[in-house]
Amino acid sequence: MENTDVAQVFAEVADLLELTGGNAFKVRAYRQAAQLVELLPTPVSELWRQGKLTELPAIGERLAAHIEELLATGHYREHDKLLARVPPGLLELLKVEGLGPKTAALAWKRLHVKGLEDFEVACRSGALEKLPRMGPRRVAALLLAIERHRARKGRVPLYRALASAEAIVRQLREVPGVQAAEVAGSIRRRRETIGDLDLLVASLEVDAVIAAFKRAPEVQQLVASGPTRCTARLKSGLQADLRILPPQSFGAAMHYFTGSKSHNIEVRTRAMRQGLKLSEYGVFDREGRRLGGATEEDVFRLVGLPWIPPELREGAGEVEAAAAGRLPRLIEEADLLGDLHVHSEASSDGRSSVEELREEAGHLGRRYLAITDHSRSRPLGLEAGPMRALALEIHRLEAQVRRGPHLLTGVEVDILGDGELDLPLEVLAELDCVVASVHSHFSDSPEKMTRRIVRALRSGVVDVLGHPTGRQLGIRDPYAFDFQQVLEVAREQGVALEINATPDRLDLDDKHCRLAKEAGVRLVISSDAHHASQLANLRYGVWVARRGWLEREDLLNTLPLNQLKRRLHAHRGPPELHAPG
DNA sequence: GCCGTTTTCGGCCCGACTGTTTTCAGTCG
């Protein structure tokens, strides 16, 4: 049982408690525990073995006992009892926007609604409308929300949401009287997928701002509007929340609306203990006197903390680390000196020439670039002969043209079904950078997948494990394997794990990055570009790395070229593949 | 359910908006 499974059970218990009218604070306790476990970098099973579960904030004796029962048997009694009381279909109702536990429970008790279909019937028949505090407008809104819930493909990848959020913000900055306009919310925290847009404006001219928002080409229609905020549905199907605040509150509002929710609760609780009140309007003392809030730095300073980068604000230990002066110095894009996974038109699907790639990488300030085309198992992938010829060509270019980033020879070699590599070891050993990736048999059993990867890592010629979990956002789930074991072997073999920065891969993800760091495994951030224009994608990988608490020292492609080359070759084995001296 | 610089009992973050009401409950972030 993984952390996400435990988190899911706790979140479901929270929902079930709400539906059955359970204690609201108990509900919150379960929610907090679910969130904590979800974000935990260490497996709960390990903490349980060490007897450290109750050392976690939000986990007391009882929740620890529940976790123990879950780990031992896969379920626990309180959860089962609740499930027996509540029709399972009711849980889906809670995912409909504007439909909460009270309304769902009301429909269940009074109209015997057992799921979304029942609920829709109750809406259309007029039965729901007759219940207390219900009315025609509310029912109409719920019907619309049900439609959207069904149509919604879920969250969108960060890069899509970011583009429209930035476009809207640019337009709002042009409105007279607007002193600042920024993107907040999960986009600012650089979460990999986004559910809605949070936009903030500092201005006293509320009407003008809302009018401009309404006119933005991305906006389809306003769905709610008040004196400080309004909500719109965008043409992309996403929802955007716009808040307008006086400039003196802008910093406090940025902090508040950047979240995450659990981060906010931690900071606010901390403020409260110090006799302060923190809201989106500012920081206030007991008498209600304003102490600050124009900038985010104000807010953090007044509660005795250094400024915390948004990517860390997940309530996953960052407040504690900040208080102790132990915040990481997060990796920045400028720290990356090169790109170690790039495809050229020499094989398969690459569409730019080596020269074009080199030129664009130069514009982006990279100092080195590994050309890592596909091996023979991929359609149009290279056999040993052409692979050697490409390496020679790269050496020739490197010697001939001194301008631009240094070119490294390389390959993205397939890890075959049995864990063999797709080219002879002696060919691979001649190359500067060997990225090994799984491209087939994704549905192997976890045991077999683990054996495949481990065998490849032990070949002695692999430098980097490419897109280690194989996921594609919204398309393909990660394949199942024993990540901890792969980490151990990677450390033992000196193999780095890749953060593939292709915006709908982002593989490794932030949590796996943190695990790798803790296991002492180095990482690389690579674009996996198939066209020169995609070399800029590295920034998406940087954001993942930052969310994974990574620092410059945790990555290999922050090293200068000579150190990188030494590092790539130092771990190569077995010894017979090394030339003596 | 958790937790302790007021507490082992009695608190638990705070505010906005909507649709229903005629003062507020439900939902959201």
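All chains are named by letter (A, B, ...) in the order of the sequence lines, taking the proteins before the strands, and each is independently numbered beginning at 1. Note that the structure is a prediction, hence the values are computed from the model and not measured.
- Within a heavy-atom distance below 4.0 Å of DNA chain B, the residues of residues 56-75 of chain A found are A:L56, A:P57, A:A58, A:I59, A:G60, A:E61, A:R62, A:L63, A:H66.
- The side-chain hydrogen bond (donor to acceptor under 3.5 Å, both in side chains) test applied to A:D507 returns A:T469, not counting sequence neighbours.
- Each of A:Y281 and A:L131 lies near DNA chain B, and the nucleotide nearest A:Y281 is the one positioned closer to the 5' end.
- In this structure, B:dT8 makes no Watson-Crick or G-U wobble pair, since no nucleotide meets both defining distances under 3.5 angstrom.
- By the 6.0 Å and 45° rule, A:R243 stacks over the aromatic ring of A:F257.
- Scanning for side-chain hydrogen bond (donor to acceptor under 3.5 Å, both in side chains) contacts around A:R189 gives A:E314, with sequence neighbours left out.
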Produce the list of close N/O pairs, under 3.5 Å, pairing protein atoms with atoms of nucleotides 11-13 of chain B; give distances to one decimal.
unit_1	atom_1	unit_2	atom_2	d
B:dC12	O3'	A:R28	NH1	3.3
B:dC13	OP1	A:R28	NH1	2.2
B:dC13	OP1	A:R28	NH2	2.5
B:dC13	OP2	A:R28	NH1	3.1
B:dC13	O2	A:R268	NH1	2.7
B:dC13	N4	A:K261	NZ	3.4

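- The residue A:L99 sits close only to the backbone: its heavy atoms come under 4.0 Å of sugar-phosphate atoms, none of a base.
- Taking A:R62 as the reference, nothing meets the salt bridge (charged side-chain N to carboxylate O under 4.0 Å, His left out) condition, with sequence neighbours excluded.
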With a 3.5 Å cut-off and sequence neighbours excluded, list the donor-acceptor pairs that the side chains of residues 36-54 of chain A form with protein atoms.
unit_1	atom_1	unit_2	atom_2	d
A:E38	OE2	A:K511	NZ	3.3

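- The side-chain hydrogen bond (donor to acceptor under 3.5 Å, both in side chains) search around A:E266 returns none, not counting sequence neighbours.
- Contacts of A:P101 classified as side chain to side chain contact (heavy atoms under 4.5 Å, CB included), with partners at least two apart in sequence or in another chain: A:E18, A:L94.
- Atom CG of A:L242 is separated from atom C1' of B:dC17 by 14 Å (rounded to the nearest Å).
- Among the nucleotides B:dC17, B:dG26, B:dG1, the one closest to the side chain of A:K102 is B:dG26.
- Contact of the A:L16 side chain with the A:L91 side chain is registered, since non-hydrogen atoms from C-beta on lie closer than 4.5 Å.
- Residue contacts shown for A:T231 are absent, as no nucleic acid heavy atom lies under 4.0 Å away.
- Residue A:P132 is out of contact with every strand shown, counting any heavy-atom pair closer than 4.0 Å.
- Rounded to an integer number of Å, the gap from A:R270 CZ to B:dG4 C1' is 17 Å.
- Nucleotides B:dG11 and B:dT18 place their C1' atoms 30 Å apart, quoted to the nearest Å.
- Contacts of A:H255 classified as ring pair (Phe, Tyr, Trp, His ring centres under 6.0 Å), with partners at least two apart in sequence or in another chain: A:H263, A:F300.
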Applying side-chain contact (heavy atoms from CB on, under 4.5 Å), run through A:E192 and A:W543 and close with a yes or a no. CA-CA 9 Å; A:E192 62 193 28; A:W543 293 339; over 6 Å; no

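- Between A:T103 and B:dT27, a side-chain N or O to OP1/OP2 separation shorter than 4.0 Å is present.
- Looking at residues two or more places apart in sequence or on another chain, you find no side-chain hydrogen bond (donor to acceptor under 3.5 Å, both in side chains) involving A:S125.
- Note on A:K277: a side-chain N or O is less than 4.0 Å away from OP1 or OP2 of B:dG15.
- A straight line from CZ of A:R191 to C1' of B:dG29 spans 14 Å, rounded to a whole angstrom.
- Counting to the nearest Å, the C1' atom of B:dC28 and the CZ atom of A:R233 are 15 Å from each other.
- Near-neighbour residues of DNA chain B inside residues 133-141 of chain A, defined by a heavy atom below 4.0 Å, number-ordered: A:R133, A:M134, A:G135, A:P136, A:R137, A:R138.
- A:A480 is linked by a side chain to side chain contact (heavy atoms under 4.5 Å, CB included) to A:P446, counting only residues two or more places apart in sequence or in another chain.
- Residue contacts shown for A:E129 are absent, as no nucleic acid heavy atom lies under 4.0 Å away.
- Residue-to-nucleotide proximity on DNA chain B shows that, of A:S225 and A:G100, the 5′-proximal contact is made by A:S225.
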